[in-house]
Amino acid sequence: MPQNLEIKAYLPNIDAVAQACKRMGAQLKRSFAQKDTYFRVAYGRLKLRESEGRLPALIAYTRINSPVIRSSKFEILSLASHADAERLKAMLIETVGQRGVVVKFRRVYEKSAALINVDVVEGLGDFVEIEVDVERSGSPAQALAAANEISAELGISRADAVPWSYIDMLKMREQAETWCQTLHSQPRRGSLIFLDGASGTGKTTLAHMLTQDKDLNITLVPRFSTREPRPESTESEYVFVK
């Protein structure tokens with residue numbers, strides 16, 4: 001299975017990318033509108049990609065959700081026509097279900113074995129996604145070095161990095177909008193309190209202790225997670241996003 005090393009990040013200044021790519025010697029290869037239809041699957045992600053001026057393709061990939069350079073393994077099945085894509089989409093929606101649709105405009109720059117994708121994503125904003133082909137780079141170490149070099153040239157910081165796919169982010173936004181509507185519909189306004197800390201420091205324990213004190217009148221707002229729920233656990237502090 002082909003493998004990339006990838007990192008995705010928010011773009012506070014999308015115009016600066018073109019200047020950075022010029023400094024690096026990265027060439028603009030193409031610009032196009034793109035639509036990805038994601039399907040519900042038990043493992044990894046499966047999407048039908050439709051790009052302006054190109055034949056559609058079915059893409060399956062696995063990648064951990066981490067805000068660092070990470071491995072992505074994928075398979076791409078090119079389709080013969082847009083008619084075939086529509087038939088396949090209908091079959092998959094009928095059998096496994098549709099998870100959502102991501103619409104974006106993408107500019108692709110190329111530097112050696114790396115692609116620098118500049119995305120304007122409908123409903124989310126501006127992002128850059130770096131993909132380095134491990135095989136073309138010569139080794140995982142060389143691919144990692146290339147990804148780090150491009151990230152540094154683009155000025156990507158850990159605060160800018162995004163661990164999730166676009167479909168995960170859209171689902172989170174849908175859930176957040178639902179919570180916002182619920183909060184705004186309440187006759188009594190209160191305060192929003194954030195508990196933050198490293199894993200294992202007792203955030204969940206403290207939150208449950210506070211909610212059990214009826215005099216405080218505190219409600220726990222669940223967090224989003226794209227991982228699978230743990231066996232035999234209610235994990236009420238999470239909203240599991242599929």
Side-chain angles (χ1 to χ4, degrees), residues 1-11 13-39 41 44-63 72-94 96 98-137 143 146-147 150 153-154 156 162 164-171 173:
M1 181 178 284
Q3 180 182 7
N4 284 339
L5 291 186
E6 301 180 359
I7 187 170
K8 181 185 296 176
Y10 290 107
L11 268 184
N13 184 357
I14 194 170
D15 296 327
V17 174
Q19 300 170 13
C21 286
K22 185 177 180 179
R23 289 195 303 270
M24 289 186 288
Q27 301 295 316
L28 178 62
K29 291 298 181 179
R30 53 191 178 272
S31 302
F32 50 88
Q34 194 170 75
K35 181 172 76 171
D36 290 337
T37 302
Y38 283 79
F39 305 98
V41 291
R45 296 182 179 91
L46 181 67
K47 63 186 177 184
L48 179 66
R49 169 158 289 176
E50 299 170 270
S51 301
E52 187 178 38
R54 310 183 77 183
L55 287 174
L58 187 68
I59 303 173
Y61 69 97
T62 58
R63 185 184 64 212
S72 176
K73 295 183 178 181
F74 60 94
E75 290 286 357
I76 301 177
L77 175 64
S78 297
L79 302 176
S81 67
H82 292 284
D84 285 348
E86 289 301 317
R87 290 179 60 193
L88 179 60
K89 185 193 300 183
M91 292 169 61
L92 288 170
I93 291 174
E94 179 67 25
V96 300
Q98 177 177 301
R99 189 179 175 207
V101 177
V102 174
V103 178
K104 61 180 176 285
F105 184 82
R106 167 166 283 186
R107 285 184 286 158
V108 180
Y109 295 84
E110 186 173 3
K111 176 179 168 58
S112 301
L115 297 179
I116 304 168
N117 302 314
V118 181
D119 295 332
V120 179
V121 186
E122 190 174 291
L124 292 178
D126 303 335
F127 300 85
V128 63
E129 185 176 58
I130 301 167
E131 303 176 350
V132 184
D133 188 307
V134 173
E135 183 177 358
R136 288 179 58 202
S137 296
I150 295 171
E153 189 67 38
L154 293 176
I156 294 175
V162 177
W164 310 286
S165 69
Y166 294 134
I167 189 63
D168 295 337
M169 296 170 71
L170 282 174
K171 288 300 176 183
R173 181 183 174 185

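Quantities reported herein were computed from a predicted structural model and do not represent experimental measurements.
Looking at heavy atoms from C-beta onward, Pro56 lies in side-chain contact with Leu79 at the 4.5 angstrom threshold. Taking the side chain as every heavy atom from C-beta outward, Arg106 and Glu129 approach each other to under 4.5 Å. Within the 4.5 Å cutoff, the side chain of Leu92 has no heavy atoms near those of the Thr37 side chain.
In this structure, Tyr10 has its ring center closer than 6.0 angstrom to the ring center of Phe127.
What you find for Ala60 and Leu46 is that their closest heavy atoms are CB-CD1, 3.9 Å. Considering all non-hydrogen atoms of both residues, Val132 and Ser137 come closest at CG1-OG, 3.2 Å. Heavy-atom minimum distance, Leu28 versus Val108: CD1-O, 3.5 Å. Closest of all the heavy-atom pairs between Arg136 and Ser112 is NH2-O, 2.8 Å. Taking every heavy atom of both residues into account, Val102 and Val121 meet most closely at CG1-CG1, 3.9 Å. Between Lys8 and Ser165, the closest heavy-atom pair is NZ-CA, 3.5 Å.
Applying the 6.0 Å contact sphere to CZ of Arg30 captures more than 12 heavy atoms from other residues, nucleotides or ligands. Other residues, nucleotides and ligands contribute only 12 or fewer heavy atoms inside 6.0 Å of the CD atom of Glu135. Enclosure of atom CD in Glu122 is not indicated, since only 12 or fewer non-hydrogen atoms of other residues, nucleotides or ligands lie within 6.0 angstrom.
Remark: Lys111 NZ to Cys21 SG distance equals 9.5 Å, nearest 0.5 Å. The distance from the CD1 atom of Ile116 to the NZ atom of Lys29 is 12.0 Å, given to the nearest 0.5 Å. Note that NZ of Lys104 is 7.5 Å distant from OG of Ser51, once rounded to the nearest 0.5 Å. Rounding to the nearest 0.5 Å gives a distance of 8.5 Å between CD of Glu50 and CG of Asp36. Note that CD1 of Ile59 and CZ of Arg45 are 13.0 Å apart. Values are rounded to the nearest 0.5 Å. The CD1 atom of Ile7 lies 10.0 Å from the CG atom of Leu154; values are rounded to the nearest 0.5 Å.
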Output, in order, the C-alpha distance, side-chain angles, deciding distance and verdict of salt bridge (Lys or Arg N to Asp or Glu O under 4.0 Å) for Arg63 and Glu131. CA-CA 12 Å; Arg63 185 184 64 212; Glu131 303 176 350; over 6 Å; no
Apply side chain to side chain contact (heavy atoms under 4.5 Å, CB included) to Ile130 and Ile156, showing your working. CA-CA 11 Å; Ile130 301 167; Ile156 294 175; 3.8 Å; yes
Please test Arg49 against Lys47 for side chain to side chain contact (heavy atoms under 4.5 Å, CB included), starting from the C-alpha separation and ending with a verdict. CA-CA 6 Å; Arg49 169 158 289 176; Lys47 63 186 177 184; 3.0 Å; yes
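Using bins of under 30°, 30° to 60° and over 60° for the plane-to-plane angle, the ring pair Tyr38/Tyr61 lands in the perpendicular bin.
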